[in-house]
Amino acid sequence: MRLIFAKSNKKTTNSLVPFSFERRDLRPDDVEIELLFCGVCHSDVHHVRNDWGGEEYPIIPGHEIIGKITRVGEKVTHFQSGNTVGVGCLIDSCRECSPCKHSHEQFCDNNTLTYSDKDRHDGTATYGGYSEKIVVSERFVLNIPEGLNLTGTAPLLCAGITTYSPLRRWHAGPGKQIAVVGLGGLGHMALKLAAAMGAEVTLISQSPGKEEDARTHGAKNVVISSDAKSMEEVNGKFDLIIDTIPYNHDLNPYVNTLAPQGALVLVGYLGSLDPTLNSAPLVYRGKTVAGSLIGGLKETQEMLDFCGRHGIASDIEMIDIQDINQAYERLLKADVKYRFVIDMQSLTKE
Ligand code: NAP
Ligand code: ZN
Ligand code: ZN
């Protein structure tokens, strides 16, 4: 099988270039999926630019995958050729540990990421969705509900589940005040999902000019983070904050906006905090600063079904794979409404 995809060819290169490789043969429980669409997550940019360190190139990003099954292994029971399916950030795990048994595969010590990881059976590099086809165990394949537009569904496989999971864990719903920090791919999904769960939602953004879009996505209020007075007006307000900012930032002003016993959940930035976190508001008001990582397979299917029932999909800008480097530059400037999705048919263009 010959495939063409994009890769980063040097350690810290900023650009993706075409590349060919072979997908492995199907194991008995594998399905082969022909890619239709693949979302562009900010994590793809972090990996390509080695923001988190330890990257081994070449890599093939892409973990917001929608495609059609073209072949199934002999022991596959849940899918057949022709099914439209999704694949997210995980393609394997040990299946035996406590997190796996509770369908929290994202916390399995021996799980396998869709890309930038090693296959747990043969040790080969895993390559993601900026490609023609992918081969995945059926256990890590998601059903796509009828009626959702497929282009806008691709980002649900990462941006959707990453925001749905903390909203559920911290009980978003009627009577809850929720803030979303950053209106990008994750942020706009968080607004839509929290509003659909019945919560009152506020966007906190660094960018003036996103107010109208935020309201369309379900925000009742918008606060510009650099406006100290507006930030002060929401002091003590939020039961839950989902913070999607990808880089280091001062958490203290956001913690001030939490209600007693409220939680600020980081999903974006990984690393030490600078300035450091003042623990006094945490102790005096019982506040929590927490983190959250995508979601397990069961919850991802639950999220897709929820989106199917509520007609929720991502707002996307469709691109060809040839536009990927320009798309990354725009993503870094927070200039996308609100997720790039690659039309994988473009891989066959010269
Ligand atoms: P994105 O589309 O680029 O959105 C990030 C938003 O953060 C921007 O739109 C911007 O919103 C705000 N922002 C504030 N400071 C920024 C800065 N210096 N540079 C760029 N944006 C800035 O990113 P995304 O795909 O939503 O991902 C957000 C973060 O979550 C990334 O770090 C990604 O790696 C991470 N992530 C985590 C998980 C997980 O499981 N925890 C899963 C997926 C992604 P405003 O203009 O409104 O301020
Ligand atoms: Zn992602
Ligand atoms: Zn496990």
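Both ligands and their constituent atoms are indexed starting at 1 by order of listing. The shown structure was predicted, so the numbers you read here are calculated from the model rather than taken from an experiment. Side chains are part of it too, since the values below use all heavy atoms of this structure and drop only hydrogens, waters and symmetry mates.
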Check each heavy atom of [X] against ligand 1 and say whether those closer than 4.0 Å belong to the side chain, the backbone, both or neither.
| X | answer |
| --- | --- |
| H46 | side chain |
| K210 | side chain |
| C158 | side chain |
| S225 | neither |

task: Compute the centroid of each ring, for F107 and then for H102, and state whether the two points are separated by less than 6.0 Å.
output: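 Judged by ring-centre distance (under 6.0 Å), F107 and H102 do not meet the cut-off.
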field: H42/Y247 aromatic ring centres below 6.0 Å
entry: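 Yes.
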For [Y], is there any backbone N or O sitting under 3.5 Å from a side-chain donor or acceptor partner on [X]?
| X | Y | result |
| --- | --- | --- |
| K176 | H171 | yes |
| K237 | A259 | no |
| S225 | S205 | yes |
| T162 | A159 | no |
| D239 | A172 | no |

I need the nearest protein heavy-atom contact for [atom]: residue, atom name and distance, please.
| atom | answer |
| --- | --- |
| atom 37 (C) of ligand 1 | V267 O, 2.8 Å |
| atom 1 (P) of ligand 1 | H42 ND1, 3.7 Å |
| atom 25 (O) of ligand 1 | R339 NH1, 2.5 Å |
| atom 13 (N) of ligand 1 | Q206 NE2, 3.4 Å |
| atom 9 (O) of ligand 1 | L183 O, 3.2 Å |
| atom 46 (O) of ligand 1 | S207 OG, 2.4 Å |
| atom 33 (C) of ligand 1 | S43 OG, 3.4 Å |

I'd like to check whether [X] has a polar contact with ligand 1, where a contact means an N/O of the residue lying under 3.5 Å from an N/O of the ligand.
| X | answer |
| --- | --- |
| Y338 | no |
| G185 | yes |
| Y247 | no |
| I294 | yes |
| S205 | yes |
| L186 | yes |
| Y269 | no |

Within one Ile-Leu-Val-Met-Phe-Trp-Tyr cluster: Y127 and F37, side-chain cutoff 4.5 Å: yes
Note: [X]-[Y] ion pair, threshold 4.0 Å (strictly below):
| X | Y | value |
| --- | --- | --- |
| E317 | R330 | yes |
| E64 | R339 | yes |
| K192 | D315 | yes |
| E299 | R169 | no |
| D29 | R139 | no |
| D30 | R23 | no |
| K220 | E200 | yes |

- prompt: At the Zn ion (ligand 3), what's the angle from C94 SG to C100 SG, rounded to 10 degrees?
  reply: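 SG of C94, the Zn ion (ligand 3) and SG of C100 span an angle of about 120°.
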Closest candidate by heavy atom, reference [atom], pool [options]:
| atom | options | result |
| --- | --- | --- |
| atom 7 (O) of ligand 1 | A334, P246, G184 | P246 |
| atom 20 (C) of ligand 1 | N248, L332, V180, D335 | L332 |
| atom 38 (C) of ligand 1 | L331, V336, T162 | T162 |

task: Answer yes or no as to whether an N/O/S atom of C89 is found below 2.8 Å from the Zn ion (ligand 2).
output: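 It does not; every qualifying atom lies at 2.8 Å or beyond.
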query: Taking 2.8 Å as the cut-off, does an N/O/S atom of H42 lie below it from the Zn ion (ligand 2)?
result: no
task: State, with a plain yes or no, whether a side-chain heavy atom of D305 is found less than 4.5 Å away from one of E302.
output: no
Can you list the atoms of ligand 1 that are under 4.0 Å from a heavy atom of [X]?
| X | value |
| --- | --- |
| G268 | 29 (C), 30 (O), 32 (O), 35 (C) |
| C41 | 43 (C), 44 (C) |
| T244 | 28 (C), 29 (C) |

- prompt: For A159, is the nearest heavy atom under 4.0 Å from an atom of ligand 1?
  reply: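 Checking ligand 1 against A159, which is what was asked, there is no heavy-atom contact under 4.0 Å.
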